[in-house]
Novice: 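One structure, as structure tokens, below. Some questions next.
All chains are named by letter (A, B, ...) in the order of the sequence lines, taking the proteins before the strands, and each is independently numbered beginning at 1. All values reported here derive from a predicted model rather than from experimental measurement.
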Amino acid sequence: MIGRTIATYGISPLWVTLATVVAAPAIGGLLTGIDRKLTARLQNRVGPPIWQPFHDLVKLWSKERITVNQVQLLYVYAHLFLMIASLVGLMLGQDLLMIFFIFAFSSVSLILGGFSVRSPYSRIGSQREIMQLMAYEPVLVLMAIGIYLATGSFFVHEIITSGNPLLYSLPLVFAAYAVILVVKLRKSPFDLSTAVHHVHQEVVKGLLTEYSGPYLGLIELANWYELVFLLALGGLFWATSLWGALLAAAVLFLFQVVVDTVSARVTWAWMLKFVWTVGLGLAAINIVWLYM
Amino acid sequence: MFEMLRTVMQNLFSRPATRLYPKEQREPFPSARGHIESVIENCIFCGLCQKRCPADCIVVDRAGKDWNLDPYRCIICGVCVEVCPTKAIVMSTYFRKPARMREPLTYHQEERGRPPKAKPGQDPGEAKDQM
Amino acid sequence: MPGRTVIPFGPQHPVFPEPLQLRLTMEEERVIDAVPALGYMHRGIEQLAQTKDYAQNVFLMERVCGICSFMHALCYCQSVESLLGIEAPPRARFMRTIQAELGRLQSHYLWLGLVADACGFESLFMQAWRNREMIMDCQEAVSGSRVTISTCAIGGCRRDWDDGVLQELTRRLDDVERSMDAIAPVFFEDPLVKQRTVGAGIITKQEATLLGAVGPVARASGIVEDMRRLGYAAYDELDFKPVVETSCDSYARMIVRLRETFQAINLIRQALKKMPAGEVLNKWKGTPEGEAISRVEQPRGELMYYIRSNGGKNPERLRIRTPTLSNIPSLVKMLKGSRLSDVPVIALSIDSCISCTER
Amino acid sequence: MIDNVVPVTRETLLAEAQRLADGGQRLISATAIDQGEYLEILYHFDKDLKLTHLKLEVKPGEEVPSISRVYFCAFIPENELKDLFGINISNIVIDYQGKFFLEDEAPRTPLLKSKPPEQGDPREVAR
Amino acid sequence: MGFISTARVKSPWIMHFETGSCNGCAIEVFAALTPVYDLERFGILNTGNPKHADIMLVTGCVSFRAGRVLRNLYHQMPGPKAVVAIGVCALTGGIFHDCYNLAPGVDKVIPVDVYVPGCAARPEAIIAGTVMALDRLAGKAGPPNIAPGEPRRGLEEGRVVEIAPGNSDK
Amino acid sequence: MDAWPIALAILLPVATALLAYIFRIRAARVLAVVVMAAGLMVSALALAGRGSFTYTPESVLGLPIDTLITILDLALLGYLVWIGLSMRRLSVVLLAGLQLAGLGYLEFWLRGSTPAVLPAEPAMVIDRLAVTMNLIISGVGSLVVLFALPYMDEFERRQKAMKTRQPRFFLFLLLFLGAMNGLVFSNNLLWLYFFWEATTFSSFMLITHTGAREALANGLRALWMNLLGGLAFVLALIFLARNAHIVSLRALAGWPLAGWPGWRGLPPIGSSPDLLLLPMGLLCFAAFTKAAQFPFQTWLTGAMVAPTPVSALLHSSTMVKAAVYLIIRLAPAFRGTTLGILVAVIGGFTFMAASTTAIGQANGKRVLAYSTIANLGLIIAMAGINTPQALSAALLIIIFHAISKALLFICVGTIEHGIRTRDIEEMEGLFYKMPMTTIITVVAMTSMMLPPFGVLIGKWLAIEASVRFPLLLPFVVLGSALTVVFWSKWLGRILTVSYHRKFRLEKLPLLISASMLVLAAAVVVASFGIASVFDFLAAPVVRGQFGIAGVVTPRADLATGMGEFIPWPIFLLIVLVLLAIPISFSRVKPADIRPPYLCGENAGEKPGTSFYSARDEINLTRTGNYYVTGVFGEASINRWAYPIAVGLLLLMIGVIKP
């Protein structure tokens, strides 16, 4: 991980920031492409080429700029910038809790963007996104706490450099994280607030319904950053070796792709119940175990 | 979920079911109804096809020796092919390819035995040789 | 006080392949009122049929609905045949049965795919539709067209099949059954699919009768109602029992359709075995007179044609009562009290076919 | 060709429908036929594959009671009759006021062979 | 082709609207998305939302009500956009061209780029038509077709109804 | 003289109150209040500029102050008994009567029979904690009072009051300010008790201000709950006087319980320290009632019937803070004891339960009330565990919550007058009606839940502080996650911008917009300079107790040993995004604005909001927020929250049993 590199070699934070901002969308876009290709193959189809997301992005940016009101763009920028900020924070080895709060701010601005128009679908999507936020946020915070208990620090750069892989001490938290990863990426069975790719949703495209063209492109870009952020967070569980971190991230990535293909969408009430019992339960058990 | 997991895993390790349409084209079934074409030199302008066509897409101009077809209204039921006494209408097994303009076709019979001439739009013909 | 939500659900909506609007009034996501709005697909076929002659009307009736087009043609032909007092030859009756069941198969697979899609189960949708394509190939093999197959004619069938077609059909049926065996357990047992369908849109047996429910909707509520028992086409010579479930919810409707697909494969096999040789089309002449009613069991339920003729070239009145038309009242009832996320599942659970409904 | 036809009048229609409902009959549909002078309305019922019909004859513009209070599902064919034939059916449970299938631009009462009655057009009444 | 045109051509997102045919073509559009034809290998996604779509696939013979919807949807699509009319109903009304509740032909309501004939149009034909419509996105096509005659009416005023629970029973 | 700011802080509001009551002229009242506000701020700044000091006033107008306070105390309680009698509320009579008896016992019997209060203990101690509270009371409080001036005019216009009751209103509002300042300066527990009861009293008078039936009922509920706390307070006083001869807060807090090497205070007098657990617990109980902790939360939510300035001043930023102030004062004593953990758990539980309940509320003021209860719970929880970081978190939340919440109440009051409702559902499209108020409300709400604002940083610190306390941790984690939910819902509702409409700035009275703007600026500036705020106000308090600060501010941020929060990059980002506003506005042309997606059935003049449905009717579309009352409604929450809260209280009483 880059954070460790800074800690060890003292690379300037500016370079890390720049590298993150540039490299993350490339990785995120490619991963999205792989995701779509893999999903297609799992469904016995050929699927799009893996660089398809980049075509989509360029096309979206070249589309006519239409909006429902003048302020929609604001929320998209806030969402994107804060998402980048949380990823950069992670790469710079900052306080995990602070990163999570910035991350939450990013999600909230997307929610507000959905709310800002008088479109019922967009707003129902936002309401559901709030429910998703409510579901995963405590698990994220508990995860940070579990990591603190295991390593004695909230700083990512200290977490990386501390002794054993976190997986040894936090296996259940890792499992809980896998659950909320699916929630956060809005993949089936938790694709409640918006529809990914060609899924057909009762709320059309949920909170993205009213975003089109370049705005949608920016959100897509933010999604790539988000994907990289979440996978890097997963990599933290085996951060002692670069290969370990990549493996952990890859396992999470494949997990969510497969889960996405083999499950139907659930209702948000069920999601809340499931994440709060299984996700929180797993994390809590692990943390209680750490206390003992 | 586990039932589905088995299916998708089988899918992953088997060839996709996809027919790569423009690259590979499947031979149509022999009985396939693709589109109708006129063999205008056989036409006797009896008007039976016009009378029986459910979609009213054929207009036979006996005086002008024109056989007009609106291929963009034709429902390809094949009734005209069945009723034509001289087999002047044939059913092709290939579907008619998409077009940018929709204009009716007019087959004009110059003289018996001469090759047909389509006007004013070109007969879009078959999709096979296009893609 | 929770706020009230009023949304249009349709006419253009990703989960509806057809334009139907439901004006949903909800409290949070609980539907408290649903008003259907139709008229997006109304063409006026009943009026158009009065201007076309009896033979042309076969093709018109096929295009009442593209999914169950054969059933419309069959029902219309039967009604005219009964006006004329003629019957289709035995071979034609078996051919009609086979095509009716093929149509049922593709319609049910289509529906299973759509309901999987409505549940948000994309891969299941893909699998169901992949299987449907095999049936489409069968249809194309026997008729030359994928959708509106145009094989039925007054007095029998337009074209006979040769042995190659029949062998092809047998072979493909085996493939279909094999791949269906692989995904049927998902519909039956998958916990998430069950979670979405069990208990959604309950309509009891008493309600079902009063609401005029037909087809799988009625059969899922425990009503033994299957027009095939009338014995039209060759059904009187085949062995089958209507599929009936009693749990009255969307799950039951799904299971009814799923079991009917296997039943349909079985019926086709039976028919292929018993099919006699001989003529397929009885010629007819003259103009019919009087009135007649013909009913068949469409994939969606009972289809009724009422025809009245005064001896003219065209029918005087042709009334088409399609199954979805009868099931929409049930839909209105089911939607009240359901959740928004279940609206697609419930709306699809009557297998609405709007082009039938509005003609 | 069709049997079991019970003639009813506008007064006895509801009672007959109620009787059939009590007998467990299922309403299939209602069909109107324009006979020039009058309109013939057939209500089709079914029980155990056996059909029963109620036959009602109405003059143009006459008010017909709705049986949708007895059979909820009748609101669909009744709205249809209102649209396509301009039959003045009152008290439908969900009344679309002649805009069930047809919107303003479409011709009124397309299935009526004669000219529609001026005062009886439901869409005008609704305004 | 330029960089942007390439991206546009490689990533056409579609939406489908059915305006009142027999469903045959509508279902064939769906069939084109499924594994056997798999439109997604061209980068095509069925978005179901005009705001995200580049190409609108229209099937059906455009009843009056559906025409109103069609016009709204077209208005809500961001440019560059293309319309593909699928099936003879959408082209001319097909067998229904004489019906009373139609303005037969999509091009009577919105401009159409590509006509896909067929009753019903085969999935292959739909793919071919969609591919043809890419020219519009690449900026290579001429002006789209609009049928001559009076334009259909657009949005108009009507009565505003407040929803109360159960007002369907009035 | 050293003490003029103190005198000013306490007596100026009292004098202004009496003036406003006697001279019933609006102009005079406005002038007096404005002068008072200025005076209070000057005094607060003067106090803040000085170091810690003690002060013991001897007499006022020749009367010894002790005696004066005793007389006033008895009179107050007597009046409360009379209120109980006239309103026929037995509980009030009983509770006030018992207090009266207890106080009499304390003053007349006990004082004679035991040695006098240690002369070394000053009656008032002005340290940095008191200064912080004083700044909040005098700064935020004055602004709220200024806001109240135009607000009450509008309020009475809307109530169609024949005769103005404003003199009475300002009498109690300003009396309350004085009492509050007195409370935070007092070291003598008897004085503290008097001011405590005075806040209870003025709260009651202000809740019942309109005299409506609902207001009376809710006021009485608030009264008896607070009197219950008062009774506990008196009992604690009696116990302390009898067994420990302590009547000083500092002495009490200086007691090391459970063997902790305590504050450099006074030696114990002839009794075992464990005995102090009981009065400590009773005082905590009193604080719970005043801070409306579960199960006493209903009085605060009921108090929302009062005019909005009352809610802003009494029920969010100051009066309820008196309770947490008391607990923070006591915290050094019970640190590390079971009592401390229980206090923390009760606070944490309230934090979570109140946040949960807030999700189910559609009434704006009730949401604010529950959010207040939740934050008080968090402060109490932090005081309960009382580590350097926890104490820092508690102090930060006190400061930032006071500013943000007062601002929010002011905004909601303004909104209520603008759109005639406080229902969140009706606040849709507020941006068009009141753009300025909306923007300020957005700032206030954001500051309650999102980084980089102070309250959130306080929560961050709270989470890091409670990591080592597994009993408290789940509550804090869940509570802070749930907080985001109800704020975002509300924010989303007011931020909705309809399709195609012009808007212009609303006209607000000068005092309203001024107080709003000042508070909003305070929120932003204080959050941006959180490091300085912390260094100046909170760090000395923490250092005073622990010798170390626990939180350092190396890079204009807050850093604990385990983590660090750097707010300024986020500010930078926000500014960057805000810069995009003019760009986005200028780039959007009218032709680019298309109606929202309504399944293609957009209709009517405003195609964005209505659609064609059955019979081609045009329907307005709308979307309600989700409240999930089946889960988050008060009734369903109380079903499990009451038993748990009561159980926890019983547990606490069990622990403190001597």
Novice: Does a sphere of radius 6.0 Å around CH2 in Trp224(A) hold more than 12 heavy atoms from other residues, nucleotides or ligands, not counting ones at 6.0 Å or beyond?
Specialist: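 More than 12 heavy atoms, drawn from other residues, nucleotides or ligands, come within 6.0 Å of this atom.
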Novice: Side chains of residues 130-144 of chain A: which donor-acceptor partners sit under 3.5 Å, not counting sequence neighbours?
Specialist:
{"unit_1": "Gln132(A)", "atom_1": "NE2", "unit_2": "Val183(A)", "atom_2": "O", "d": "3.3"}
{"unit_1": "Tyr136(A)", "atom_1": "OH", "unit_2": "Ser107(A)", "atom_2": "OG", "d": "3.2"}
{"unit_1": "Tyr136(A)", "atom_1": "OH", "unit_2": "Lys184(A)", "atom_2": "NZ", "d": "3.2"}

Novice: Name the region of Val46(A), side chain, backbone, both or neither, that has any atom closer than 4.5 Å to a heavy atom of chain B.
Specialist: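 Both backbone and side chain of Val46(A) come within 4.5 Å of chain B.
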Novice: For chain A and chain B, what donor-acceptor pairs lie under 3.5 Å, backbone included?
Specialist:
{"unit_1": "Arg41(A)", "atom_1": "NH2", "unit_2": "Leu12(B)", "atom_2": "O", "d": "3.4"}
{"unit_1": "Arg41(A)", "atom_1": "NH2", "unit_2": "Ser14(B)", "atom_2": "O", "d": "3.1"}
{"unit_1": "Leu42(A)", "atom_1": "O", "unit_2": "Asn11(B)", "atom_2": "ND2", "d": "2.9"}
{"unit_1": "Asn44(A)", "atom_1": "O", "unit_2": "Ala17(B)", "atom_2": "N", "d": "3.1"}
{"unit_1": "Asn44(A)", "atom_1": "OD1", "unit_2": "Ala17(B)", "atom_2": "N", "d": "3.3"}
{"unit_1": "Val46(A)", "atom_1": "N", "unit_2": "Thr18(B)", "atom_2": "OG1", "d": "3.3"}

